[in-house]
Engineer: 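Can you keep this structure in mind? I'll have questions shortly.
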Amino acid sequence: MPIVKIRERGQLTIPAEFRKKLGLEENDAVNMIKVGDSLLITQKRLVGDALSEKMEKAMKKEGLTLDDLLSDLHKQRKQYSKEAYGQ
């Protein structure tokens with residue numbers, strides 16, 4: 001079992017073997033939970049980042065740009081206003 005030292009400002013280093021096995025990379029976020037006298041560190045998957053990545057892949061696959069999506073959003077808002085408010 002690796003021993004990790006706590007540095008100034010409470011920083012610690014997760015050993016490379018654990019980072020590799022868990023797929024943790026620089027700037028990844030983790031959860032830290034106090035369980036009795038222990039700390040449990042778990043991976044935190046940021047929903048926004050995952051969603052953004054999926055959207056980017058889907059857009060590339062369909063050949064869409066951000067301008068395409070914004071243009072369609074404008075059309076959808078007009079259609080919604082017309083249906084909801086008769087405008």
Side-chain angles (χ1 to χ4, degrees):
M1 176 181 344
I3 295 179
V4 177
K5 291 185 180 180
I6 299 175
R7 298 181 190 171
E8 67 180 271
R9 297 187 317 176
Q11 295 175 333
L12 56 91
T13 300
I14 299 171
E17 64 184 278
F18 295 151
R19 293 192 315 266
K20 274 186 187 175
K21 286 181 183 177
L22 295 172
L24 293 173
E25 296 179 5
E26 187 175 347
N27 294 319
D28 280 355
V30 295
N31 292 317
M32 187 173 290
I33 305 161
K34 184 180 178 296
V35 180
D37 291 336
S38 301
L39 292 175
L40 175 65
I41 300 173
T42 63
Q43 291 175 288
K44 180 174 184 174
R45 299 290 178 216
L46 300 176
V47 175
D49 289 348
L51 179 60
S52 172
E53 194 173 297
K54 279 185 178 182
M55 286 296 298
E56 187 176 348
K57 286 179 182 177
M59 287 170 59
K60 282 182 181 178
K61 182 178 177 183
E62 297 297 321
L64 295 171
T65 66
L66 183 56
D67 287 336
D68 296 330
L69 293 180
L70 293 175
S71 173
D72 191 57
L73 177 62
H74 183 69
K75 290 175 191 173
Q76 293 298 324
R77 283 183 177 163
K78 277 188 171 182
Q79 181 65 29
Y80 174 78
S81 290
K82 186 176 181 180
E83 291 173 4
Y85 306 110
Q87 298 178 6

Engineer: Around Leu12, counting heavy atoms of other residues, nucleotides and ligands shown, do more than 12 lie under 6.0 Å from its CG?
Structural biologist: yes
Engineer: For Arg9, check side-chain contact (heavy atoms from CB on, under 4.5 Å) against everything at least two apart and list the hits.
Structural biologist: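 With sequence neighbours excluded, Arg9 shows a side-chain contact (heavy atoms from CB on, under 4.5 Å) to Gln11, given in chain and number order.
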Engineer: Can you find a heavy atom in the side chain of Asp28 that is under 4.5 Å from one in the side chain of Arg19?
Structural biologist: no
Engineer: In terms of hydrophobic clustering (I, L, V, M, F, W, Y; side-chain heavy atoms under 4.5 Å; direct or indirect links), are Leu24 and Leu39 co-clustered?
Structural biologist: yes
Engineer: If you round to the nearest 0.5 Å, how far is CG of Leu66 from CE of Met55?
Structural biologist: 9.5 Å
Engineer: Quick check: is Val35 connected to Ile41 through a chain of hydrophobic side chains (ILVMFWY, heavy atoms under 4.5 Å apart)?
Structural biologist: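 Different clusters: Ile41 never reaches Val35 through Ile, Leu, Val, Met, Phe, Trp or Tyr contacts under 4.5 Å.
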Engineer: Hey, is the main chain of Met59 close enough, under 3.5 Å, to the side chain of Lys57 for a donor-acceptor pair?
Structural biologist: no
Engineer: Ignoring hydrogens and angles, write down the donor-acceptor pairs under 3.5 Å from the side chains of residues 68-76, residues two or more places apart or on other chains.
Structural biologist:
residue : atom : partner : partner atom : Å
Asp68   : OD2  : Thr65   : N            : 2.8
Asp68   : OD2  : Thr65   : OG1          : 3.2

Engineer: As an exercise, state the distance from CE of Met1 to CD1 of Ile3, rounded to the nearest 0.5 Å.
Structural biologist: 8.5 Å
Engineer: Using side-chain contact (heavy atoms from CB on, under 4.5 Å), reason through Arg7 and Thr13 one step at a time and then give a plain yes or no.
Structural biologist: CA-CA 9 Å; Arg7 298 181 190 171; Thr13 300; 3.4 Å; yes
Engineer: For Lys21, give me all partners under salt bridge (Lys or Arg N to Asp or Glu O under 4.0 Å), at least two apart in sequence or on another chain.
Structural biologist: none
Engineer: For residues Phe18 and Leu40: do they belong to one hydrophobic cluster (side chain heavy atoms under 4.5 Å, members Ile, Leu, Val, Met, Phe, Trp, Tyr)?
Structural biologist: no
